[in-house]
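Below: one structure, written as structure tokens.
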Amino acid sequence: MNNLFSLKNQTILVTGSLGLIGKEITKSLYDFGSNLILTDIHDEDFYNKNYEKTLINITANNNQKILYKQADITSSDSILELIDFSEKKFNRIDTLINLAGTDAKIEDELNINLGSFEDFPIELWEKSINVNVNGVFNITQSVGKHMKKHKSGNIILTASTYSLVSPNPNLYNDTNSNNRINKPIDYVASKSIIPNYTRYLATHLSKYGIRANYVVPHGIENKNPQWFKDNFEKLSPLSRMCNVNELCGPYVFLASKASSYMNGASLVVDGGWTAW
Ligand SMILES: NC(=O)c1ccc[n+]([C@@H]2O[C@H](COP(=O)([O-])OP(=O)(O)OC[C@H]3O[C@@H](n4cnc5c(N)ncnc54)[C@H](O)[C@@H]3O)[C@@H](O)[C@H]2O)c1
């Protein structure tokens with residue numbers, strides 16, 4: 001495949017690869033020719049049971065490889081093992097895509113005033129900061145060192161519209177039950193670093209042949225209640241939520257040489273949410 005978007009002969013490391021976006025974009029990265037090191041906090045058994053089967057058909061007929069290795073991005077030791085594994089299996093990591101992230105789940109963790117800022121517990125704040133800030137630092141620092149050794153690399157981080165603007169309270173207002181849920185602050189605060197953090201990487205690692213950019217996804221449909229979809233429709237310029245496969249093109253583009261002059265930039269995939 002000789003086209004601008006080809007990922008042939010590239011090895012791409014994807015964190016958070018077993019999540020909603022990860023499961024979808026890894027298939028496209030593979031279709032465009034890359035080898036893949038998939039990683040997530042879940043162990044190999046979980047991967048084998050839930051995921052490997054979906055990849056068997058695509059791995060059967062050629063010599064591209066997909067390997068899975070458990071790693072926790074908040075642990076330096078775990079990341080060092082992951083890099084060691086990657087070097088042994090593929091020699092080098094060409095591109096890092098960081099999808100691993102977390103947020104306080106309103107339903108499971110927060111029954112205190114449905115996530116209100118005034119009552120938000122610092123423990124949940126710290127949990128998100130640990131993954132979305134410390135974890136991002138950890139993985140990019142270690143993979144950055146690895147890329148520096150090879151004098152080239154491509155780092156793709158994942159922000160959110162809530163890295164750019166505040167959640168609109170009207171999106172979280174369930175008019176049927178008169179419940180006003182608050183999108184909690186932990187996610188908004190911890191995702192806010194991504195844009196400027198990426199610019200720092202872009203301007204401080206470029207001397208080693210490493211570029212860095214970030215994607216801004218928004219509102220991916222995933223079994224959302226109808227009232228939420230109705231609110232979303234009213235507030236979004238495209239009048240709908242995002243289908244997860246609409247993120248494949250943006251990640252493939254940033255991983256490929258089609259985006260070779262992009263550095264420190266954002267690729268906003270939000271249906272126009274931040275455009276008005
Ligand atoms: N889904 C959306 O609508 C949306 C919108 C904007 C931005 N994003 C961002 O996109 C990224 C992926 O989102 P998603 O919807 O696929 O989320 P997801 O929760 O489905 O997947 C995230 C993955 O990260 C993994 N993870 C969490 N903590 C980890 C750790 N410490 N080490 C390693 N892995 C860890 C989880 O196990 C999970 O598989 C996230 O960074 C998220 O903030 C998502």
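Note that ligands are numbered from 1 as they come in the structure, with each ligand's atoms numbered from 1 the same way.
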- Task: Using ring pair (Phe, Tyr, Trp, His ring centres under 6.0 Å) as the criterion, list what pairs up with F90, not counting sequence neighbours.
- Result: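 Per chain and number, F90 pairs via ring pair (Phe, Tyr, Trp, His ring centres under 6.0 Å) with no residue.
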- Ion pair present between K183 and D103, side-chain N to carboxylate O less than 4.0 angstrom?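 A salt bridge is present here (some side-chain N lies under 4.0 Å from a carboxylate O).
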- Would you call K27-D31 a salt bridge at under 4.0 Å N-O? no
- Aromatic ring pairing Y162/H218, orientation class (parallel under 30°, perpendicular over 60°, tilted between):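 Rings of Y162 and H218: perpendicular, over 60°.
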- Could I get the full list of salt bridge (charged side-chain N to carboxylate O under 4.0 Å, His left out) partners for E87, not counting sequence neighbours?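 Applying salt bridge (charged side-chain N to carboxylate O under 4.0 Å, His left out) to E87 gives K149.
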- Item | Residues in salt bridge (charged side-chain N to carboxylate O under 4.0 Å, His left out) contact with K234, at least two apart in sequence or another chain |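 Checked K234 against salt bridge (charged side-chain N to carboxylate O under 4.0 Å, His left out); zero matches.
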- Item | Atom-level proximity to ligand 1, residues with heavy atom under 4.0 Å |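 Residue list for ligand 1: G16, L18, G19, L20, I21, D40, I41, H42, A71, D72, I73, T74, L99, A100, G101, V131, T158, A159, S160, Y187, K191, P217, G219, I220.
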